[in-house]
Amino acid sequence: MLTLYHFWSSTCSRKVRITLAEKGIEWVSHHIDIVNKLENLDPDYVRLNPKGVVPTLDHDGKVIIESNIIIEYLDDTFPEIPLKPEDTYERAKMRLWMDVAEFQIHKNINVISYNKRHVPRVNKLFTKEEQRDLLKNFPDADKRAAMLERLENGVSEDQEAFAEQRLCEAMDKIEETLGESVWLAGDQFSLADIAVAPFIERFEANGLDTLVDWSKRPKAGDWWQRVQARPSYQTAYAFENPNA
Ligand SMILES: N[C@@H](CCC(=O)N[C@@H](CS)C(=O)NCC(=O)O)C(=O)O
């Protein structure tokens, strides 16, 4: 049995739900409310995911964390509908895109959404003192340090501008790549597309118009339309907040 611990609107959770839908795999949902209930910090959950984040996959008692590792595990374990290129060079490119998704795109969209989305949401729920106490106990040391630093000093306009620049570079690379192949890692839809595309929705949600001006990057715009048209994308995004 496959149980996915996930949050309805988390991009990393959506990556896994797209992969499950592409492959037609049955799974059981265990929703973790990371916003209002902070269920990601429950000791029982942290035992599964020591970083205190979603998603986590439990496959017959085998626990896997990190969305990129989860989607590759799913593809390795259920190979009937492959989401990795046959060619080993394209496979390497796919992994590079997965790396870009995590260490360039996810990292920098987090910087940009801090003032716009994170601060207003969290300030409604907790005082600054409560936020400090919560963060001091955050399980993942890197995230704990980064978030405490942000809580005390905020995110500056310069930091936001730098983050947007790094995202622009990623978008330029997407545009360039799609001039060479139909999908990001060759001519077949792959885990590269699944890892990267859901972040475009975050750019839109954060009103990052320069990143999603498709007249400037038409190939990326076409690719984004093609990803959204896939039933797997629609299924993954149709998962609604069970606590609403
Ligand atoms: N590298 C991790 C990142 C996971 C992550 O940052 N998850 C976010 C939601 S997209 C989370 O759980 N945040 C909870 C929190 O920061 O309190 C992955 O890809 O699985």
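Numbering of ligands and ligand atoms starts at 1, following listing order.
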Any N or O of V54 closer than 3.5 Å to N or O of ligand 1:
yes
Exactly one candidate in L151, L148, V119 meets side chain to side chain contact (heavy atoms under 4.5 Å, CB included) with Q131; the answer is L151
Could you tell me whether some N/O pair between N40 and ligand 1 is separated by less than 3.5 angstrom?
yes
Check whether any N or O atom of K15, backbone or side chain, sits under 3.5 Å from an N or O atom of ligand 1, and answer yes or no.
no
Mind listing the side-chain donor-acceptor pairs of residues 236-244 below 3.5 Å, one per line with the distance, residues two or more places apart or on another chain?
from	atom 1	to	atom 2	distance (Å)
N241	OD1	N243	N	3.0
N243	ND2	D33	OD2	3.2

Establish, from distance only, whether the side-chain atoms of N68 and E102 form a donor-acceptor pair under 3.5 Å.
no
Against heavy atoms of K143, which atoms of ligand 1 measure under 4.0 Å?
6 (O), 13 (N), 15 (C), 16 (O)
Hey, does N68 come in under 3.5 Å of ligand 1, counting only N/O atoms on both sides?
no
Please table the atom pairs, donor to acceptor, closer than 3.5 Å between any side-chain atom in residues 186-201 and protein atoms at least two apart or in another chain.
from	atom 1	to	atom 2	distance (Å)
D187	OD1	V182	N	2.9
S190	OG	A192	N	3.1
D193	OD1	L184	N	3.1
D193	OD1	W223	NE1	2.9
D193	OD2	S190	N	2.9
E201	OE1	R14	NH1	3.3

Of the options K216, R217, K173, which is the one that meets C168 in a side chain to side chain contact (heavy atoms under 4.5 Å, CB included)?
R217
Please identify which atoms of ligand 1 are closer than 4.0 Å to at least one heavy atom of P55.
20 (O)
Decide whether an N or O pair under 3.5 Å exists between S10 and ligand 1.
no
